[in-house]
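Structure first, then comments.
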Protein chains: 2
Amino acid sequence: MEFKEAKNKFVQTWGALGSQWGINKTMAQIHALLMVSNEPISMEDIMEELQISRGNASMNLRGLMDWGIVYKEFKAGERKEFFTAEKDLDELAVKISRERSKREIKPTLKILKEVSTIEANNSAEEKHFVDQTSKLYDFVLKADNMLDKMTEFNDNWLGKLFMKMMK
Amino acid sequence: MEFKEAKNKFVQTWGALGSQWGINKTMAQIHALLMVSNEPISMEDIMEELQISRGNASMNLRGLMDWGIVYKEFKAGERKEFFTAEKDLDELAVKISRERSKREIKPTLKILKEVSTIEANNSAEEKHFVDQTSKLYDFVLKADNMLDKMTEFNDNWLGKLFMKMMK
DNA sequence: TTAAACTTTCAAAAATAATTGAAACTTATT
DNA sequence: AATAAGTTTCAATTATTTTTGAAAGTTTAA
C-alpha cells in the first residue's frame, strides 16, 4: 500500500467510526486529516482534500475547536488561517472524556437523581423503578469519576502501576 | 414528580442519550423501558407504551438481543413472547464493552495496523503519518485491553482495590 | 475608506437513517 | 390440514441530519 492510499483509508475509517459514535462523518474526517498531517492545513486544503464545501468545513472546524482538540494557527506573512489537531493521544483522551462528561454524563446524572428520588408507593413496580434508577445513578457516577481519575493520572506512577497490574 | 412522569422522563432521556452514542432512539427507549420494568413485557405493550409500529418494535428488540442485553422469555400458558433486559449493571457494562470491542475496536485496529506499516519514504510527511498511526494503534490496543481487564475483574478484590486507590 | 482576502452563517437542498404497515412467514392449536 | 396467533421482513414513506452555496460579516492593507 502506498502513502496516499493509506492516508485515504485512515481518513475514511476514522470518519466511519465517528458516525458510529455520534460524531458526524466530516468532523471525524477533518480530525483524522489533521492528526496525520505534520503541518498546519488551511481551510482550502481541507475542502480540496475531502471534497467538501466551505460552509461545511467552517462549521466542522468550529465544532472541533469547541471540543478543544483542534487549534487555529497563524503563519507569519499569511493572511489565512491554518489548523492543527492535538496530536498527543493522552491529551486527546483527556479532552474528549472531560467534554463528554460535561455534555452528556453530568446532565444524565441530574435526571437520574431526579427520577430516582420520587416517593414510591408500595407497589413492586414503583419500588423496582426507584431501586433500578438509583443503582444506575450510582453506577454512572462511579464510572464518570473513574474515567476522570484515569485520565488525570494517566501518565504518572499510579497509572503505570495500574497498567502493570492489569497486564 | 409522580411515577408515570418519572418513568417517561427516564425513557426519553435514555433515548436521547442513545442517539448521541450512535444507538437509535427507539432501541435505547425500549432498553430503558425494560430496565425499569419489574416484569417481562410483551411486544404489544412496548408498541403501546412507546407508540411505535410492530415492525419497529420487532427490529429493535432483535437488535437488543444481538447485543446480548435483552432476553426473550416465555410465560407458561401464554402464546406470545415477553422480553426482559439485563438488569445487573456490571454485567451490562461487560456485554456492551465486549460487543463494541468486537464490532468497532477490533476492525479499527486491523486498519490501523495496515496503514501504519506502509513503507514510508524519507519525507517528513510520510514519516509523521507512520509515526502517528503507529502511536494510535498502540493507544487503541492499550485502551481496549484495559477496558477488557477492567470489566473482567470488575467485582473482584483487584477491582475493588483499584477503586479505593482511585478515590 | 475602499477593496480585497478570507470566514461565518443559515435557509434550502440533498443525503442518510428510522419508521411504517402489510404481506410473508412460523409455530401452535383444533 | 386448516386456522389462528403471533413474528419477521422489507419496499415505500417519513423524519432527521448533514451539506451546500451564496449573502453577510470581518479583518487587513493600501
Side-chain angles (χ1 to χ4, degrees), chain A residues 11-34 40-67 70-85 103-104, chain B residues 11-34 40-67 70-85 103-104:
Chain A
V11 170
Q12 292 307 121
T13 304
W14 214 239
L17 206 65
S19 319
Q20 291 177 309
W21 283 81
I23 289 127
N24 93 46
K25 194 183 63 175
T26 304
M27 193 157 145
Q29 285 180 341
I30 294 176
H31 182 243
L33 199 58
L34 293 172
I41 313 185
S42 70
M43 207 159 85
E44 292 290 342
D45 289 346
I46 291 169
M47 288 164 56
E48 166 65 24
E49 188 124 14
L50 301 178
Q51 290 294 301
I52 58 172
S53 71
R54 188 171 295 286
N56 197 4
S58 173
M59 289 181 107
N60 284 114
L61 279 166
R62 152 65 61 108
L64 286 163
M65 288 189 295
D66 290 347
W67 274 85
V70 161
Y71 317 110
K72 251 185 200 165
E73 295 218 343
F74 297 94
K75 274 191 187 169
E78 286 266 21
R79 179 73 173 280
K80 61 166 163 286
E81 301 170 337
F82 290 79
F83 301 88
T84 23
R103 295 186 194 195
E104 295 155 22
Chain B
V11 170
Q12 293 307 121
T13 305
W14 213 240
L17 205 64
S19 319
Q20 289 177 310
W21 284 80
I23 289 128
N24 91 47
K25 193 184 63 176
T26 303
M27 193 157 145
Q29 285 181 342
I30 294 176
H31 183 244
L33 200 57
L34 292 172
I41 314 185
S42 70
M43 208 160 85
E44 292 291 342
D45 289 347
I46 292 169
M47 288 163 58
E48 166 64 25
E49 188 124 13
L50 300 178
Q51 290 293 301
I52 58 173
S53 72
R54 190 171 293 288
N56 196 4
S58 173
M59 289 181 106
N60 284 115
L61 279 165
R62 153 64 61 107
L64 286 164
M65 289 189 294
D66 290 347
W67 275 86
V70 160
Y71 317 109
K72 251 185 199 163
E73 295 219 343
F74 298 94
K75 274 192 187 169
E78 287 266 22
R79 178 77 171 277
K80 61 166 162 285
E81 299 170 339
F82 289 78
F83 301 88
T84 22
R103 295 186 193 195
E104 295 154 22

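Quantities reported herein were computed from a predicted structural model and do not represent experimental measurements.
- In the region residues 73-81 of chain A, proximity to DNA chain C at under 4.0 angstrom, judged on heavy atoms, holds for A/Arg79, A/Lys80, A/Glu81.
- Within the structure, salt bridge (charged side-chain N to carboxylate O under 4.0 Å, His left out) pairs that include any residue of residues 48-67 of chain B comprise B/Lys7-B/Glu49, B/Glu44-B/Arg54 (at least two apart or interchain).
- Every residue two or more places apart in sequence or in another chain that forms a side chain to side chain contact (heavy atoms under 4.5 Å, CB included) with A/Ala85 is listed here: A/His31, A/Leu34, A/Met35, A/Val70.
- You can see that DNA chain C meets the heavy atoms of chain A within a 4.0 Å-exclusive cut from C/dA4 to C/dC10, reading 5' to 3'.
- Within a heavy-atom distance below 4.0 Å of DNA chain D, no residue of residues 16-24 of chain B is found.
- The shortest side-chain heavy-atom distance between A/Trp14 and A/Leu17 falls under the 4.5 Å cut-off.
- Whole-Å rounding puts the A/Gln51 CD to D/dT19 C1' distance at 14 Å.
- Scanning both residues, B/Met47 and B/Ser53, for their nearest heavy atoms gives CG-O, 4.0 Å.
- Within the 4.5 Å cutoff, side-chain heavy atoms of B/Trp21 are placed close to those of A/Trp21.
- Side-chain contact between B/Phe82 and B/Lys72: absent, with no pair of heavy atoms (C-beta onward) separated by less than 4.5 Å.
- Toward the 5′ end of DNA chain D lies the nearest nucleotide of B/Asn56, the other residue of the pair A/Gly55 and B/Asn56 mapping further downstream.
- Summarising the geometry, atom CZ belonging to A/Phe83 is positioned 4.5 Å from atom CG belonging to A/Leu61; distances are rounded to the nearest 0.5 Å.
- Taking every side-chain heavy atom of B/Met59 into account, D/dT9 is the closest of D/dT20, D/dT8, D/dT9.
- Following rounding to the nearest Å, B/Arg54 (CZ) and D/dT8 (P) show an atom-to-atom distance of 10 Å.
- At a threshold of 4.5 Å between non-hydrogen side-chain atoms, the residues B/Phe74 and B/Glu81 count as touching.
- A/Pro40 and A/Glu73 make their closest contact through CG-OE1, 3.3 Å (heavy atoms, listed as atom of the first residue, atom of the second, distance).
- For A/Thr26 and D/dT18, the shortest distance from a side-chain N or O to OP1 or OP2 is not below 4.0 Å.
- The nearest whole Å value for the distance from the CZ atom in B/Phe82 to the C1' atom in D/dA5 is 13 Å.
- Taking each heavy atom of B/Ala28 and B/Gly18 in turn, the nearest pair found is CB-CA, 4.0 Å.
- In terms of heavy atoms, A/Gly63 sits closest to A/Met27 at C-CE, 3.9 Å.
- Of the inter-residue distances, the one linking B/Ser19 atom OG with B/Gln29 atom CD reads 8.0 Å to the nearest 0.5 angstrom.
- Computed from coordinates, the A/Arg62 CZ to D/dT18 P distance equals 17 Å when rounded to whole Å.
- Tested against A/Asn60, the residues A/Ile52, A/Leu50, A/Ile23, A/Thr26 include a single side chain to side chain contact (heavy atoms under 4.5 Å, CB included) partner, A/Thr26.
- The separation between B/Met43 atom CE and D/dT7 atom P is 5 Å, rounded to whole Å.
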Run B/Lys80 and B/Met43 through side-chain contact (heavy atoms from CB on, under 4.5 Å) and show every step you take. CA-CA 8 Å; B/Lys80 61 166 162 285; B/Met43 208 160 85; over 6 Å; no
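- As a whole-Å value, the separation of A/Asn60 CG from D/dT19 P is 6 Å.
- Between its two ends, the helix from C/dT1-D/dA30 to C/dT30-D/dA1 turns its axis by 10°, counting five pairs per end and rounding to 10 degrees.
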